[in-house]
Amino acid sequence: MKATLIYGAGDVRVETVPDPKLHEPTDAIVRVLRSCVCGSDLWPYQAKPAQDHGDRIGHEFLGVVEETGSDVTGLKAGDVVVAPFVWADNTCDFCQEGLQTSCRHGGGWGSPGVDGGQGEAVRVPQAAGTLVKLPVGEDSALLPSLLTLSDVFPTGHHCAVTAGVNPRTTVTVIGDGAVGLSAVLAARRLGAERIILMGRHADRTDLGRDFGATDVVSERGDEGVERVRELTGGDGTHVVLECVGLKPAIETAFGIVRNGGTVSRVGVPQYPDVPAGFGVFFRNITLTGGVAPARAYIEELLPDVLDGSVEPGRVFDRTVALDDVASGYQAMADRTALKVLIQP
């Protein structure tokens with residue numbers, strides 16, 4: 001079969017690899033219907049040292065079960081399923097606490113010996129706990145939105161939930177990428193009536209308004225902080241959802257959060273130290289967020305996707321064939337695409 005491998009910065013290739021086979025009785029084989037490129041895939045795409053062998057890549061996919069191991073229950077060949085961006089048994093103590101990202105028997109796609117999601121098929125470890133059956137057919141028009149349940153929509157939801165977003169909170173979202181727009185959608189879904197989106201790409205912020213943003217702030221840095229405070233009577237918002245992962249973004253977040261408020265960060269941090277000194281401490285600011293346990297949220301979010309109440313799949317603005325995946329990476333790196341859908 002064909003699969004995507006990354007050899008180094010800017011070097012993504014589609015090559016023929018061995019077909020996946022069952023290794024453990026808890027495995028399943030899934031034929032991929034849709035996968036995509038994640039913003040976090042761009043970090044290795046931009047910085048990975050060159051090497052003479054490729055690493056499998058991709059952690060968002062949905063597909064059709066082709067085969068199951070003898071210990072897999074609740075799934076059968078022909079089921080359409082979505083896979084969260086980490087695999088987990090969904091039964092250990094951490095999973096039962098809703099923290100599948102810390103599963104005692106789980107792991108990540110593309111790790112040694114494990115397939116990546118950007119290919120024609122995937123061996124899924126701990127399949128019964130990982131995969132969520134979807135009540136749709138292989139040709140459903142909902143596939144793009146259902147694919148967002150793998151990562152980006154639950155990540156935006158996690159950002160809003162950990163921050164305590166509710167109808168009484170005002171919200172600022174930093175970042176107009178797919179996660180930021182998903183955070184806007186999630187905040188509106190949780191009842192927030194005032195949502196300020198900080199972004200400077202008009203096509204993205206227009207989608208953000210469709211998702212529920214009431215205001216858009218294009219300024220950055222001190223000017224952005226000043227503008228948000230102007231919009232909020234000088235106080236800032238109760239909640240700031242930081243969906244970028246760069247130090248200027250977290251600095252902005254602390255600058256615009258209301259005293260006693262909460263900053264939630266889900267952008268993969270590209271800085272070692274959080275700039276939260278005495279001033280942040282004295283203002284009683286809470287910092288939360290972290291990697292989203294997507295598996296914990298899929299059943300909660302699925303009904304609204306199925307009935308069309310939310311359309312998170314609108315973040316996909318370009319579709320490529322698997323053979324053209326390198327162009328998809330480049331388009332996202334160049335910011336000519338928001339999020340790229342891959343159709344094997």
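- When the side-chain hydrogen bond (donor to acceptor under 3.5 Å, both in side chains) test is applied to S150, no partner is found at least two apart in sequence or on another chain.
- Here the shortest heavy-atom pairing between A121 and P20 reads CB-CG, 3.7 Å.
- Screening residues 149-178 for salt bridge (Lys or Arg N to Asp or Glu O under 4.0 Å), with sequence neighbours left out, gives D176-R204.
- Residues forming a side-chain hydrogen bond (donor to acceptor under 3.5 Å, both in side chains) with T130 (at least two apart in sequence, or on another chain): none.
- Scanning for salt bridge (charged side-chain N to carboxylate O under 4.0 Å, His left out) contacts around D115 gives R56, with sequence neighbours left out.
- Applying the salt bridge (Lys or Arg N to Asp or Glu O under 4.0 Å) rule to pairs touching residues 237-263 yields D235-R258, sequence neighbours excluded.
- Evaluation of the side-chain hydrogen bond (donor to acceptor under 3.5 Å, both in side chains) rule for Q330 yields Y45, D334 as partners, not counting sequence neighbours.
- Closest of all the heavy-atom pairs between A333 and Q46 is CB-NE2, 4.2 Å.
- Sequence neighbours left out, the pairs with a member in residues 52-85 that pass ring pair (Phe, Tyr, Trp, His ring centres under 6.0 Å) are F61-W109.
- Under the salt bridge (Lys or Arg N to Asp or Glu O under 4.0 Å) criterion, the residue pairs touching residues 117-130 are D27-R123, with sequence neighbours excluded.
- Among residue pairs with one or both ends in residues 285-297, those qualifying as salt bridge (Lys or Arg N to Asp or Glu O under 4.0 Å) are R295-E299; sequence neighbours excluded.
- At distances below 3.5 Å, not a single donor-acceptor pair connects side-chain atoms of R189 with backbone N or O atoms of S309.
- Counting only residues at least two apart or in different chains, ring pair (Phe, Tyr, Trp, His ring centres under 6.0 Å) contacts with residues 143-194 comprise H157-Y297, H158-Y297.
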N/O donor to acceptor pairs below 3.5 angstrom from side-chain atoms of residues 267-282, sequence neighbours left out:
residue	atom	partner	partner atom	Å
Q270	NE2	V268	O	3.1
Y271	OH	R265	NH1	2.9

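- For D324, the side-chain hydrogen bond (donor to acceptor under 3.5 Å, both in side chains) test picks out no residue, with sequence neighbours left out.
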